[in-house]
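Data first, discussion second: the structure below is written as structure tokens.
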Amino acid sequence: MSAATTAGRGPHERYEMVVGLEVHVQLRTRTKAFCNCPTDFGAPPNRSTCPVCLALPGALPVLNAHAVELAVRAALALRCDVHPVSVFARKNYFYPDLPKGYQISQFERPLATGGMLVIGRTPEGGDIQVGITRVHIEEDAGKSVHDRFAGATAIDLNRSGVPLVEIVSEPDMRSAAEAGACLRVLKQVLEYTNVSDVSMEEGSLRVDANVSARRRGDAKLGTKTEVKNMNSFSAVERAIEAEFVRQCALLDRDVKVVQQTMLWDAARGEVRPSRAKEGSHDYRYFPEPDLPPLLLAADWIEQRRADIPELPRARRERYARDYGLGEYDAEVLTASRALADYFEGVARQHGDAKAAANWVQGEVLKALNEAGIDADHFAVRPADLAQLLNMVRDGVVSTTAAKRIFAVMVRTGDRPEQIAARDGLVRVDDADAVAAWVDQAIAAHPDEWRRYRAGERKLLGVLVGAVMKLSNGSADPKRVNQLLVERAGA
Ligand SMILES: [Zn+2]
């Protein structure tokens, strides 16, 4: 192949991207991994500390049982084997925000191994799977706060000792989009199982990506680099792509890729090598002498398995099977566990799942997005929305009136039948009342009425609209239509 044609083809046609992920997730415990300090986000610097997490001499760690429970739940939800014996190890390195000079982690004998996550579907309908190499428990380090103006660095140890799980995937992803899909599915699973609040903004979910490139057709993996410093899933995707393109350009010139840590620079949209010497780490791992091995009884592990709620994928399949919902609808409705629970509450109490799905995907999601809240903090309870849908089904209120009632429910949390009665939105079947509104509408729109009678049929909509407005949405549009046609013909 000539140089000209090679240059004309994108790197993806010549090279294959290989990506593995390392995700650190903060466990949703009230207290830290090895002491009783609170884990509240945003506490004043160094407020949540004690001799253990400050690493004062003689202080000893005591393992937080709830952290173990959550880590095991995460591992089981990721279909890992949870080992009856795992061992804490010291990961030794020097860093100003690491007061002990080591992190308590797990190394040779991690909590769990050999899991799997389905991240999507192939065009042929098969599962796209990503292997989970291991899940282990570790503690977080503190935080260095660089003050540009003071020209100083301060240390905040509130995060020191906060419990994490590290989830390491196999290098099974072949594109930035697959890595993004894997993270979204992973986040959803961790949110459904209530293991973590999975907030990237608050640092409770952090992602490092291992990226390499190899010539298409090669079986051997290329040299990988580790990409860090991404603060959103879309940043992860862009960083992976930028690093892949950088590696391909090196390989094109027969330059070796150096195993190193690359930092994503979101402002410039590029990756550059970290100044810290990395990749040559020797953490001198050894078993933590202050903690015994972690022993988990088989029946305790089975109880944790029983705690795992129905996961998003199983829910989507059930929605398709039981409610006849399409793939897209099921996807939207299971985006979060709170939303899925909300939808099911409405569907169960109203009976018509399709109508419930339409309302939740339309009005409810719109209101939640506007308020910036999750479904479990929504003022309108599922039972009340179900009641509103019953009123529409039974012809008590029109769809137009129902939307207005819903808006009031969002604001006040009042019950729909109260609002309908108070605001005069109950459908009026009283023929005299409807006839009076029709007369008023005709009187208020003499020009439209004349043109409608002269044959401009499309003006009927304007007149019906005027009657509906006069009636506050409580007239039956079909009846109004019929009346207007009758009047015009008379
Ligand atoms: Zn502490």
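Since the model is a prediction, treat every value here as computed from it, not as a measurement. The analysis underlying the following values was restricted to heavy atoms, covering all of them including side chains, and did not include hydrogens, waters or symmetry mates. Order of listing sets the numbers, starting from 1, for every ligand and every atom in it.
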I'd like to know whether the aromatic ring centres of Tyr102 and Tyr285 sit less than 6.0 Å apart in this structure. no
Between Phe244 and His12, does the ring centroid distance fall short of 6.0 Å? yes
Under-2.8 Å neighbours of the Zn ion (ligand 1), protein N/O/S atoms only: 4
Please report the closest heavy-atom contact between Asp197 and Ser204, naming both atoms and the distance. OD1-OG, 2.6 Å
First locate atom CZ of Arg90, then atom CD of Glu288, and finally report the distance between them rounded to the nearest 0.5 Å. 4.0 Å
Side chain to side chain contact (heavy atoms under 4.5 Å, CB included) between Tyr342 and Leu385: does it pass, once the steps are laid out? CA-CA 10 Å; Tyr342 189 93; Leu385 178 54; 4.0 Å; yes
Measure centre to centre between the rings of Tyr319 and Phe343, then say whether the value is under 6.0 Å. yes
